[in-house]
Amino acid sequence: MEYVLILLLSLIIVNLSTKVSKLEGRMKKMQYTINHVAKHSEIPENPLNDELRKLIKEGKDIKAIKKVREEWGVSLLEGKEYIDNLKSEKQ
């Protein structure tokens, strides 16, 4: 009986992780589309980006990530990715 329960839980975990992975892929595609539309429209850039670029220029990447997390409530990884994207834009 224990083995059946363990097998069932394992299958559920595999199924959930597959669904999460697919959702992450869909979100990345949607983010790409949003970025593409924003570049080709007259949507103004977020005013926070100027402050973040200043922090990056001063070498205060950690403070910039913290600022993004405080303002938008994103995860540490998402904040770091956002700052990395801003850093790569200026190159």
[atom2] on [Y] to [atom1] on [X], rounded to 0.5 Å:
X	Y	atom1	atom2	value
His36	Ser41	NE2	OG	10.0 Å
Lys54	Asn49	NZ	CG	15.0 Å
Leu77	Arg69	CG	CZ	10.0 Å
Gln31	Asn85	CD	CG	8.5 Å

Ile34 reachable from Val74 in the ILVMFWY side-chain graph, under 4.5 Å edges: no
Single-linkage hydrophobic cluster, 4.5 Å side-chain cutoff, Ile12 and Tyr3 together: no
Atom CD1 of Ile62 with >12 non-hydrogen neighbours under 6.0 angstrom: no
Which residues share a salt bridge (Lys or Arg N to Asp or Glu O under 4.0 Å) with Lys80, sequence neighbours left out: Asp84
Full working for salt bridge (charged side-chain N to carboxylate O under 4.0 Å, His left out) between Glu24 and Lys28: CA-CA 6 Å; Glu24 287 175 341; Lys28 285 182 182 180; over 6 Å; no
Distance-only donor-acceptor check, side chains Glu78 and Ser75, under 3.5 Å: yes
Heavy-atom side-chain proximity of [X] to [Y] below 4.5 angstrom:
X	Y	value
Lys87	Arg53	no
Leu55	Asp61	no
Asp50	Glu45	yes

Any pair counted as ring pair (Phe, Tyr, Trp, His ring centres under 6.0 Å), so long as it reaches residues 52-76, sequence neighbours left out: Trp72-Tyr82
Which residues share a side chain to side chain contact (heavy atoms under 4.5 Å, CB included) with Ser10, sequence neighbours left out: Ile6
Nearest heavy-atom neighbours spanning Leu52 and Ala64: CD2-O, 3.5 Å
Under 3.5 Å donor-acceptor, Thr18 side chain and Val14 backbone: yes
